[in-house]
Amino acid sequence: MTKPLTGCLNEIFNRLLTHFGELHWWPAESPFEVVVGAILTQNTAWRNVERVIAALKDEAPLTVDNLLRMDRQRLEELIRPSGFFRQKAERLQLFSAYLRGRYVGDLGAMLRGPLQQVRDELLLCKGVGPETADSILLYAGDRPSFVVDAYTRRLFDRLGLLQGKESYDQIRQMFMTHLPHNSGLFNEYHALIVEQCKRYCRTKPLCCDCPLQCDCAAYLRGDYP
Ligand code: SF4
């Protein structure tokens with residue numbers, strides 16, 4: 001793409017939106033469920049997280065206090081299908097304890113401060129890296145913080161808008177600099193990237209029906225005949 005970056009990013013968004021329609025992420029019944037899902041989804045497929053969240057809800061309503069009250073071994077047992085279950089159980093209870101101690105369990109109160117300050121605070125919580133922090137901000141807090149994941153990196157590398165060595169923050173900055181800070185837009189954009197990468201831009205891409213084919217540097221170079 002030879003257009004200015006803002007135009008490229010808008011055009012990619014519009015093509016994906018036309019192709020897939022609105023996707024309305026994140027699939028959760030409450031902001032706290034988003035936090036739980038964002039921690040559980042680290043290093044595992046979403047289908048495993050869905051199973052685990054259903055099991056947690058069968059045990060008790062998914063609240064800060066119920067997670068804190070739950071016996072650690074029982075929690076580990078319930079979240080086992082999401083992998084790294086000991087680590088994740090500790091992280092869930094540490095995050096819940098922090099929320100209870102500092103914000104009387106009110107996630108909304110934690111997430112409504114100045115964006116950068118809240119992001120920094122989230123990053124200080126054990127087990128919350130940039131992708132988890134941005135997912136919590138965007139999907140639990142409705143704050144405009146762009147989420148970058150492996151799909152984002154893969155797609156924008158192939159499209160020719162990344163060189164392949166950018167850090168998480170550099171990629172996030174590309175979106176934050178060139179798009180309006182609108183949580184609805186960021187929400188939909190990330191969901192569309194995930195859908196595009198599941199349907200077409202897979203590890204072995206299915207380029208022939210891809211809605212981004214005519215603007216894709218890798219495809220136009222003949223990388224994926
Ligand atoms: S044309 Fe192929 S490589 Fe390019 S974005 Fe589409 S699926 Fe990915």
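Read the numbers this way: they start at 1 and go in the same order the structure lists the ligands and their atoms. This structure is a prediction, so every number in the text was calculated from the model and none was measured.
- Between Phe146 and Phe186, the ring planes lie perpendicular to each other; the angle is over 60°, past the 30° to 60° tilted range.
- Tyr200 and Ile12 fall within the same hydrophobic cluster, where Ile, Leu, Val, Met, Phe, Trp and Tyr residues are linked whenever their side-chain heavy atoms come under 4.5 Å apart, directly or through other members.
- Below the 2.8 Å limit, atom 4 (Fe) of ligand 1 has as protein N, O or S neighbours Cys216 SG.
- For the pair Asn14 (side chain) and Asn10 (backbone), a donor-acceptor distance under 3.5 Å is present.
- Ligand 1 lies less than 4.0 angstrom from a heavy atom belonging to Gln196.
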Any chance you could lay out the side chain to side chain donor-acceptor pair (under 3.5 Å) test for Tyr219 and Arg158, step after step, and finish with the verdict? CA-CA 8 Å; Tyr219 180 77; Arg158 288 176 175 174; over 6 Å; no
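- Here the closest non-hydrogen pair linking Tyr168 and Glu131 is OH-CA, 3.4 Å.
- Relative ring orientation between Tyr98 and Tyr103 is described as perpendicular, the plane-to-plane angle rising above 60° on a 0-90° scale split at 30° and 60°.
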